[in-house]
Amino acid sequence: MSISIKSAEDIEGMRIAGRLGSEVLDYITPFVKAGVTTGELDRLCHEYMTNVQGTIPAPLNYSPPGYTPYPKAICTSVNDVICHGIPGDKVLKSGDSVNLDITVIKDGYHGDNSRMFLIGEPSIMTKRLSEITYECMWLGIAQVKPGAHLGDIGHAIQQHAEKAGYSVVREFCGHGIGKVFHEEPQVLHYGKPGTLEELKAGMIFTIEPMINAGKREIREMGDGWTIKTKDRSLSAQWEHMILVTETGYEVLTLSAGSPPPPAFITNAAK
Ligand code: MF3
Ligand code: CO
Ligand code: CO
């Protein structure tokens, strides 16, 4: 099997879906504060997607082989939840960190992205983990150009995370995406330079490192979806959807409210 090269028409559809996915995060940002429940954030995002954007929340009823259908429109992963946290009665409080992972479908195309939100007055530790994870994502993105390899992305992310004393989750990875939510390739967030598939213009995939403050091991909760750190340490994640261009990359999940890239990206001649 091989990695699909998107047509010009597909790329245009993915640009639109990507921007809409990012705009859901822009929309929800002012609501993400102490006192709100994750269920309320889900409800607000779901209504915005369906009533304002005319998009479909891809997670709702999503059921890959071996999984029960996902019951909500978004994922809300709080503190030691690594990914796939199910929105519910959980009330956010000052000091919490939460990843909101949004995937919309527009005209059949998926727009998948996530951001971290720090509630009230987060600790220096919480801020640092989110910042390093954000840098990890962007260091991975910066590797993307035709002729580079998937292993270059994983290596850049792993190096930065481990240098900071953190660990990289192995069980979940970035993924190809288009009309299908999760397709080839798997984009590992660890690895060796020059290994794995060579990148070609027209490929689209996510980069979404999950970084733990403690050890990398995970445990699965009984709900069939929620993944936590085994050692109960804090975990962070950021996600963008990336197009390989003739000269490098294009981030498809950008909008007015996207946080700016780190200075090392802005300063580099791309
Ligand atoms: N959006 C997640 C990703 O980045 C996948 C969530 S699947 C769900 O790949 F069913 F949990 F929503
Ligand atoms: Co996602
Ligand atoms: Co994804």
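The chain is numbered in sequence order, starting from 1. Atoms within a ligand are numbered from 1 in the order they appear, just like the ligands themselves.
Of the protein's non-hydrogen atoms, the one nearest atom 12 (F) of ligand 1 is Pro59 CB, 3.0 Å. The protein atom (non-hydrogen) at minimum distance from atom 4 (O) of ligand 1 is Glu208 OE1, 2.8 Å. Protein heavy atom in closest approach to atom 7 (S) of ligand 1: Tyr62 CD2, 3.8 Å.
For residues 71-80, the side chain to side chain donor-acceptor pair (under 3.5 Å) pairs, not counting sequence neighbours, are Asn79-Asp96. Sorted by first and then second residue, the ring-ring contact (aromatic ring centres under 6.0 Å, His included) pairs with a member in residues 62-90 read Tyr62-Phe181, Tyr62-His182, Tyr67-Trp225, Tyr70-Trp225, His84-Phe172, His84-Trp225; sequence neighbours excluded.
Counting heavy atoms closer than 4.0 Å to ligand 1, residue Tyr67 contributes nothing at all. In Ala58, neither the side chain nor the backbone holds a heavy atom less than 4.0 Å from any atom of ligand 1. Under 4.0 Å from ligand 1, the heavy atoms of Asp112 that appear belong solely to its side chain.
Near Thr103, with a cut-off below 4.0 Å to any heavy atom, the atoms of ligand 1 are 1 (N). For ligand 1, the atoms sitting less than 4.0 Å from at least one non-hydrogen atom of Phe181 are 1 (N), 5 (C), numbered in the order shown with element in parentheses. Taking every heavy atom of Trp225 and a limit of under 4.0 angstrom, the matching atoms of ligand 1 come to 8 (C), 10 (F), 11 (F). In summary, the atoms of ligand 1 found under 4.0 Å from a heavy atom of Glu239, numbered by their order in the structure, are 4 (O). Atoms of ligand 1 lying under 4.0 Å from at least one heavy atom of His182, given by number and element, are 3 (C), 5 (C), 9 (O).
Ligand 1 is never approached by Phe172 to a heavy-atom distance shorter than 4.0 Å.
For Asp89, the CG atom is loosely surrounded, since the number of other residues' heavy atoms within 6.0 Å does not exceed 12. Counting non-hydrogen atoms of other residues, nucleotides and ligands closer than 6.0 Å to CD of Glu12 gives a total above 12. Counting heavy atoms of neighbouring residues, nucleotides and ligands inside a 6.0 Å radius, atom CZ of Arg170 exceeds 12 of them.
A salt bridge does not link Lys145 with Asp152: every distance from a Lys NZ or Arg NE/NH1/NH2 to an Asp or Glu carboxylate oxygen is 4.0 Å or more. A salt bridge between Glu23 and Arg19 is present, with a side-chain N of the basic residue lying under 4.0 Å from a carboxylate O of the acidic one.
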request  = Show the numbers, then the answer: is there a side chain to side chain contact (heavy atoms under 4.5 Å, CB included) between Val78 and Leu92?
outcome  = CA-CA 8 Å; Val78 182; Leu92 298 180; 3.9 Å; yes

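Here His182 fails the criterion, with no N, O or S atom under 2.8 Å of the Co ion (ligand 3).
Between His175 and ligand 1, at least one pair of N/O atoms sits closer than 3.5 Å. Considering backbone and side-chain atoms together, Asp101 places an N or O closer than 3.5 Å to an N or O of ligand 1.
Side chain to side chain, Thr206 and Glu208 meet the donor-acceptor criterion of an N or O pair below 3.5 Å. For Asp10 and Tyr109, the side-chain atoms include at least one donor-acceptor pair closer than 3.5 Å.
Here the CG-OH distance, from Leu129 to Tyr166, works out to 5.0 Å after rounding to the nearest 0.5 Å.
Every side chain to side chain contact (heavy atoms under 4.5 Å, CB included) that Ile5 has, sequence neighbours left out, goes to Lys200, Met203.
Of all heavy-atom pairs spanning Ile132 and His160, the tightest one is O-CD2, 3.7 Å.
Ordered by chain and number, Asp101 OD1, Asp101 OD2, Asp112 OD1, Glu239 OE1 make up the set of protein N, O or S atoms under 2.8 Å of the Co ion (ligand 2).
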